[in-house]
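The structure presented is a predicted model; accordingly, all values stated were derived computationally and were not measured.
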Amino acid sequence: LCVMSGTFSVVLWQKIRKMFERDLQIPWEVLIPYLTRTFQNISVDPEHALTGPLVRDDHETMKRNIEALPEAEWKRLYSAFIEAYRRERDDENEDNDGIGLP
């Protein structure tokens with residue numbers, strides 16, 4: 001998990017940098033505030049740092065996000081993250097079932 005969180009997040013940031021510069025003609029530095037905010041959210045409140053359509057279970061937005069990805073492997077990766085998140089969330093909810101937690 002350490003390798004995945006460090007190495008794979010770098011792979012994602014390298015991909016978005018490349019797409020911003022090459023495909024969108026936008027300097028990647030515009031992403032630095034987003035990267036900084038993400039890091040701050042994780043540092044300050046890791047339990048509530050995750051936001052967006054995944055947390056809201058917004059199927060339509062996630063579907064559009066997947067469709068917008070350029071290559072099949074990135075579409076599969078997005079889908080795999082959704083599935084992994086849902087499994088983890090469901091496992092945590094099962095663990096809390098019998099002790100009165102929401």
Side-chain angles (χ1 to χ4, degrees):
L1 287 175
C2 286
V3 170
M4 290 173 65
S5 66
T7 304
F8 295 170
S9 63
V10 171
V11 170
L12 290 170
W13 282 104
Q14 288 173 336
K15 177 65 172 175
I16 194 170
R17 181 193 62 78
K18 184 187 213 178
M19 288 188 70
F20 262 57
E21 290 183 340
R22 183 190 65 203
D23 301 336
L24 302 174
Q25 304 295 306
I26 298 172
W28 80 273
E29 290 85 359
V30 302
L31 293 166
I32 292 174
Y34 181 66
L35 174 61
T36 302
R37 173 52 61 188
T38 300
F39 175 75
Q40 289 171 340
N41 289 349
I42 293 167
S43 298
V44 172
D45 189 1
E47 289 299 315
H48 300 102
L50 190 60
T51 62
L54 190 58
V55 174
R56 295 190 311 269
D57 209 24
D58 182 346
H59 297 269
E60 187 58 35
T61 298
M62 289 186 285
K63 180 180 176 226
R64 286 194 315 267
N65 288 345
I66 290 168
E67 289 170 356
L69 291 168
E71 296 102 359
E73 64 267 15
W74 294 100
K75 295 173 189 287
R76 287 191 304 270
L77 184 59
Y78 192 116
S79 297
F81 267 106
I82 293 170
E83 183 61 30
Y85 170 77
R86 287 180 177 161
R87 249 191 240 134
E88 186 74 15
R89 179 196 60 198
D90 293 347
D91 287 349
E92 287 176 4
N93 287 338
E94 284 179 16
D95 289 345
N96 292 331
D97 282 352
I99 57 174
L101 296 176

* I66, L77: one ILVMFWY side-chain cluster at the under-4.5 Å cut-off? ->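 Yes, it is one cluster - the side chains of I66 and L77 are joined through contacts under 4.5 Å.
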* Minimum heavy-atom distance I82-M62, with the two atoms named ->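 Closest approach of I82 to M62: CD1-SD, 3.7 Å.
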* Asked: With N65, which residues qualify under side chain to side chain donor-acceptor pair (under 3.5 Å), at least two apart?
  ->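 Partners of N65 by the side chain to side chain donor-acceptor pair (under 3.5 Å) criterion, ordered by chain and then number, come out as Y78.
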* Report the residues that fulfil side chain to side chain donor-acceptor pair (under 3.5 Å) with R86, sequence neighbours left out, ordered by chain and then residue number. =>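 Side chain to side chain donor-acceptor pair (under 3.5 Å) list for R86, sorted by chain: D57, H59.
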* Asked: In chain order, what residues pass the salt bridge (Lys or Arg N to Asp or Glu O under 4.0 Å) check against R89, with sequence neighbours excluded?
  ->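 So R89 forms no salt bridge (Lys or Arg N to Asp or Glu O under 4.0 Å) with any residue.
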Side-chain polar contacts of residues 24-40 - donor-acceptor pairs under 3.5 angstrom, sequence neighbours left out - could you list them?
| unit_1 | atom_1 | unit_2 | atom_2 | d |
| --- | --- | --- | --- | --- |
| Q25 | NE2 | R22 | O | 2.7 |
| T36 | OG1 | I32 | O | 2.8 |
| T38 | OG1 | Y34 | O | 2.9 |

Let me have the donor-acceptor pairs involving side chains of residues 6-16, under 3.5 Å, with sequence neighbours excluded, atom names and distances please.
| unit_1 | atom_1 | unit_2 | atom_2 | d |
| --- | --- | --- | --- | --- |
| T7 | OG1 | V3 | O | 3.2 |
| S9 | OG | S5 | O | 2.6 |
| S9 | OG | G6 | O | 3.0 |
| K15 | NZ | E71 | OE1 | 3.1 |
| K15 | NZ | E71 | OE2 | 3.3 |

Would you list the atom pairs, donor with acceptor, under 3.5 Å between side chains in residues 45-55 and any protein atom, with sequence neighbours excluded?
| unit_1 | atom_1 | unit_2 | atom_2 | d |
| --- | --- | --- | --- | --- |
| D45 | OD1 | H48 | ND1 | 3.1 |
| D45 | OD2 | H48 | ND1 | 3.1 |

* Greater than 12 external heavy atoms within 6.0 Å of F81's CZ ->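 For F81, atom CZ is not crowded (no more than 12 foreign heavy atoms under 6.0 Å).
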